[in-house]
Amino acid sequence: MAKDFSTRAENYSQWYNDVVKKADLAENSAVRGCMVIKPYGYAIWEKMHDALDKMFKETGHTNAYFPLFIPKSFFSREAHHVEGFAKECAVITHYRLKNDPNGGGVVVDPEAKLEEELIVRPTSETIIWDTYKNWIQSYRDLPILCNQWANVVRWEMRTRLFLRTAEFLWQEGHTAHATREEAIEETRKMLNVYADFAEKHMAMSVVRGVKSPNERFAGADDTYCIEALMQDGKALQAGTSHFLGQNFAKAFDVKFLNKENQLEYVWATSWGVSTRLIGALIMTHSDDNGLVLPPALAPIQVVIIPIYKSEEQLNQITEKVQPLIQKLKDKGISVKYDDDDSKRSGWKFNEYEVKGVPVRIAIGPRDLENNHAEVCRRDTLEKTNISLDTLDVEVEKLLAEIQQSLFDRTVKFREDNTRKADTWDEFVDILDNQAGFVYAHWDGTPETEELIKEKAKATIRCIPFNNPLEEGKCILTGKPSKQRVLFARAY
RNA sequence: CGGGGUGUGGCGCAGUUGGUAGCGCGCUACGUUCGGGACGUAGAGGCCGCAAGUUCGAGUCUUGUCACCCCGACCA
């Protein structure tokens, strides 16, 4: 076992960085705050992309692409939106370089100054609504259900691989509707798509809810979110879906003629998830031996490692394994047969363990004699011998079981780490000594929320849907409250 | 932008009171190995972040500068 690995208990954030590096997911780049997503990490993103994209198509959405650059003036149209993003925008001011007259390589050509600066998109609402304006005249043009897969830039001061980088990959859905109700329904629908994806594909339990006004997306009337709990007890926002009301329609003057021949502003939504989900995936399942991947998102679901001394032995094993590989592939399972002779089997065991491959099958001469193989599952590290005759069926079952078991574990973890606090001392005590989610009363004012954030470093993660009403007193101010809201320290 | 730290082969590091650079991993070749990160032998690989200065002589001392990392303020 690799001893150069931090454990979660020793240093959680170091452990996270180690997993990212050892599993070969990503690395820091020459550009500050930007990461290189390596092939294995990108393969996970592709699995996420494919699954989500399918879900978007099934709910009637189509993909499109809008420009990376946004004219600066577009940004100032919607007051809250600018305020929210202004501090982290990359700005393009020039369009040409020239040779340094003083001989020091190239310099920005001062002659090539843009008349209007361009912003590298931190999100695309403005450019998209400026475009939708031309697409929409009548109720017959609605709804518009578009999604785009893109990169965005937010100039963050402190970055962490996958969790927060200056540039990241994401998808952003932008929809336009004739009625408020329809837009709200869309917002909810897409949040549920995210929650389904998190639970079924990522095997990650999430809480669905509404953000408090302070935590709302800049320019939204309401922000719905899914919140997950990481192993260190900190919460992570895993996806958001925004009801934008008519804010952007008004800012960009997007009106449609309704059936009664009256002009109305269009209703909007937007929703997104990013490569941050990979960070969530890592922190949800992985252990001190490295990455643990749910089968649904594992680039390699099953690895088969031959154990042999001679070439004849390898040939015998290969011959026996070929039909098995075919059977697994026929079931849609991604299999890797690693017969690379330059690496020893023990080395491979560790390699695939660190990389989180859900199922490992080892086959050696002894197994051939007994007509079985050693099957090891990554989540529990349990090993069993399974007959070669039923191996394909058993592996398929095992993958499903691992997927389910990982999810069940996160449900239990979330439940075990969700507590109630009735007093300020209790609240702080839980956060300091146990972490996790805390349900507590809040007087409903942004000022109090801000104060709590300042004093306890915890924020309202969300007000869960179907939250039970309950009379109580705000943990900070003692003012009356009608419901508990979900607090946590967060990423 | 504050506070702390680090820059030396690809990676991780050592380098004493200044004397011309070393260790581990990895890499290459050959051989022995192969059921949980093998071992031996022989190799390759470095303007010591950059720039000035002190000195007969600087990885080491001085000054400046750049970059990166960690901890805060801001955030998906």
Side-chain angles (χ1 to χ4, degrees), chain A residues 1-5 11 13-14 17-18 21-22 24 27-34 83-89 122-123 151-172 194 211 214-218 220 223 225-228 235-242 270-280 289-290 305-311 313-314 317 339-355 360-370 372-376 381 383 385 450 453-454 457 459 461 490-491:
Chain A
M1 196 52 49
K3 291 292 177 213
D4 50 346
F5 225 108
N11 185 343
S13 55
Q14 187 58 48
N17 291 336
D18 284 352
K21 274 183 203 141
K22 294 274 159 52
D24 218 20
E27 61 189 30
N28 284 309
S29 71
V31 186
R32 194 191 110 85
C34 295
E83 204 189 317
F85 286 101
K87 286 166 288 180
E88 49 188 32
C89 285
T123 180
N151 58 339
V152 286
V153 168
R154 296 181 188 176
W155 213 262
E156 299 291 348
M157 309 203 189
R158 276 192 67 195
T159 59
R160 296 195 60 194
L161 293 171
F162 292 116
L163 295 174
R164 180 167 298 108
T165 47
E167 180 193 16
F168 56 92
L169 304 183
W170 78 342
Q171 60 64 219
E172 46 182 327
Y194 290 155
K211 285 289 185 192
N214 279 11
E215 298 283 322
R216 215 175 258 158
F217 174 75
T223 289
C225 64
I226 51 173
E227 290 284 328
L236 184 120
Q237 178 173 305
T240 48
S241 182
H242 315 291
S270 70
W271 26 275
V273 295
S274 70
T275 37
R276 182 181 230 204
L277 288 181
I278 297 176
N289 298 322
I305 299 174
I307 293 161
Y308 59 94
K309 290 194 172 86
S310 63
E311 201 171 321
Q313 276 180 343
L314 175 60
I317 294 164
D339 59 354
D340 179 355
D341 193 46
S342 68
K343 299 280 193 291
R344 308 172 84 242
S345 51
W347 191 93
K348 293 176 189 172
F349 283 11
N350 283 281
E351 175 72 2
Y352 293 107
E353 199 162 289
V354 170
K355 287 191 160 186
R360 182 191 74 221
I361 301 174
I363 302 185
R366 292 212 295 273
D367 301 300
L368 287 188
E369 280 172 31
N370 298 307
H372 66 213
E374 182 196 81
V375 175
C376 177
L381 298 173
K383 295 174 190 172
N385 287 323
E450 197 54 49
K453 184 177 172 184
E454 222 172 276
K457 294 193 161 75
T459 47
R461 301 321 301 157
Y491 276 98

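A, B, ... follow the sequence lines: proteins, then strands. Residue 1 opens every chain. Just so it is clear, the structure is predicted and the values come from calculations on it, not from any experiment.
For A/Thr159 (side chain) and A/Ala166 (main-chain N/O), no donor-acceptor pair under 3.5 Å exists by modelled atom type. Under the 3.5 Å distance criterion, the side-chain polar atoms of A/Asn350 are left unmatched by any main-chain donor or acceptor of A/Trp347.
Remark: the separation of the P atoms in B/rU65 and B/rG24 is 39 Å, to the nearest Å. Separation of the C1' atoms belonging to B/rG46 and B/rG22 is 11 Å when rounded to the nearest angstrom. Between B/rG12 and B/rA51, the distance separating the two C1' atoms is 28 Å to the nearest Å. Between B/rU60 and B/rC48, the two C1' atoms lie 10 Å apart (nearest whole Å). Using P as the reference atom, B/rG49 and B/rG35 are 42 Å apart when rounded to the nearest Å. The separation of B/rU54 from B/rA44, taken at their C1' atoms, amounts to 38 Å, rounded to a whole angstrom. The separation of B/rG45 from B/rC23, taken at their C1' atoms, amounts to 15 Å, rounded to a whole angstrom. The same atom, P, is picked in B/rU8 and in B/rC61; the two are 16 Å apart, to the nearest Å.
A/Lys348 and A/Ile305 get closest at one heavy-atom pair: CB-CD1, 3.7 Å. In terms of heavy-atom proximity, A/Val152 sits nearest to A/Pro122 at CB-O, 3.7 Å.
If you check B/rA76, B/rG36, B/rA73 against the side chain of A/Asn350, the one that comes closest is B/rG36. For A/Thr165, the listed nucleotide lying nearest its side chain is B/rA76; candidates were B/rG37, B/rA76, B/rG36. Taking only side-chain atoms of A/Cys376, from C-beta outward, the nucleotide of B/rG37, B/rA76, B/rG36 with the closest atom is B/rG36. Each of B/rC69, B/rG36, B/rC74 was ranked by its minimum atom distance to the side chain of A/Glu353; first place goes to B/rG36. Ranking B/rG37, B/rA73, B/rC69 by closeness to the A/Asn28 side chain, first place goes to B/rC69. Taking only side-chain atoms of A/Ala362, from C-beta outward, the nucleotide of B/rC74, B/rG37, B/rG35 with the closest atom is B/rG35. Checking B/rC68, B/rC70, B/rG36 against the side-chain heavy atoms of A/Arg32 singles out B/rC68 as nearest. Of the listed nucleotides (B/rC74, B/rC69, B/rG35), B/rG35 has the atom at the smallest distance from the side chain of A/Pro365.
A straight line from CD1 of A/Ile278 to C1' of B/rA76 spans 14 Å, rounded to a whole angstrom. Spacing between atom CG of A/Asn11 and atom P of B/rC70 amounts to 11 Å, rounded to whole angstrom units. Atom pair A/Glu215:CD and B/rA76:C1' shows a separation of 11 Å (rounding to whole Å applied). Rounded to whole angstrom, the span from the CE atom of A/Met157 across to the P atom of B/rG2 amounts to 12 Å. Rounded to whole angstrom, the span from the CZ atom of A/Arg276 across to the C1' atom of B/rA76 amounts to 5 Å. Distance, A/Lys355 NZ to B/rG37 C1': 14 Å, rounded to whole Å. Between the CD atom of A/Glu454 and the P atom of B/rG72 there is a distance of 16 Å, given to the nearest Å.
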Tabulate atom names and distances for all N/O pairs under 3.5 angstrom spanning the protein and nucleotides 30-34 of chain B.
| residue | atom | partner | partner atom | Å |
| --- | --- | --- | --- | --- |
| B/rC34 | O4' | A/Arg344 | NH2 | 3.2 |
| B/rC34 | O2' | A/Tyr308 | O | 3.1 |
| B/rC34 | N4 | A/Lys309 | O | 3.1 |

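Note that CD of A/Glu167 is 9.0 Å distant from OG1 of A/Thr275, once rounded to the nearest 0.5 Å. Here the CD-NZ distance, from A/Glu156 to A/Lys87, works out to 11.0 Å after rounding to the nearest 0.5 Å. In this structure, the separation between CG on A/Leu163 and CG on A/Leu236 is 6.5 Å, given to the nearest 0.5 Å.
The pair A/Lys211-A/Glu227 meets the salt-bridge criterion, since a charged nitrogen lies less than 4.0 angstrom from a carboxylate oxygen.
The residue A/Leu163 sits close to a base: some heavy atom pair falls under 4.0 Å. Residue-level contact check: A/Gln237 touches the backbone only, with heavy atoms under 4.0 Å from sugar-phosphate atoms and none from bases. Residue contacts for A/Arg160: at a heavy-atom cut-off of 4.0 Å it reaches no nucleic acid atom on any strand shown. If you check every strand for non-hydrogen atoms under 4.0 Å, A/Phe168 touches a base. A/Thr275 comes within 4.0 angstrom of nothing in the nucleic acid, heavy atoms only.
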Original post:
With Watson-Crick and G-U wobble geometry limited to distances under 3.5 Å, how should the secondary structure of RNA chain B be encoded in dot-bracket form, using | for bases paired to another strand and [ ] for crossing pairs?
Top reply: (((((((..((((.....[..)))).((((((.....)))))).....(((((..]....))))))))))))....

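One N or O donor and one acceptor, one from the side chain of A/Lys383 and one from the base of B/rG36, sit under 3.5 Å apart.
When the shell of 6.0 Å around CD of A/Gln14 is examined, it contains more than 12 heavy atoms from other residues, nucleotides or ligands. Summarising the local packing, CH2 of A/Trp155 is surrounded by 12 or fewer heavy atoms from other residues, nucleotides or ligands at distances under 6.0 Å.
Projected onto RNA chain B by closest heavy-atom contact, A/Ala238 and A/Gly364 fall at different nucleotides, the more 5' of which corresponds to A/Gly364. Mapping A/Glu167 and A/Val31 onto RNA chain B by nearest heavy atom places A/Val31 closer to the 5' end of the strand.
Aromatic ring pairs are classed by plane angle as parallel below 30°, tilted from 30° to 60° and perpendicular above 60°; the pair A/Tyr194 and A/Trp271 is perpendicular.
For the pair A/Arg276 and A/Phe168, the cation-pi criterion (under 6.0 Å, within 45° of the ring axis) is not fulfilled.
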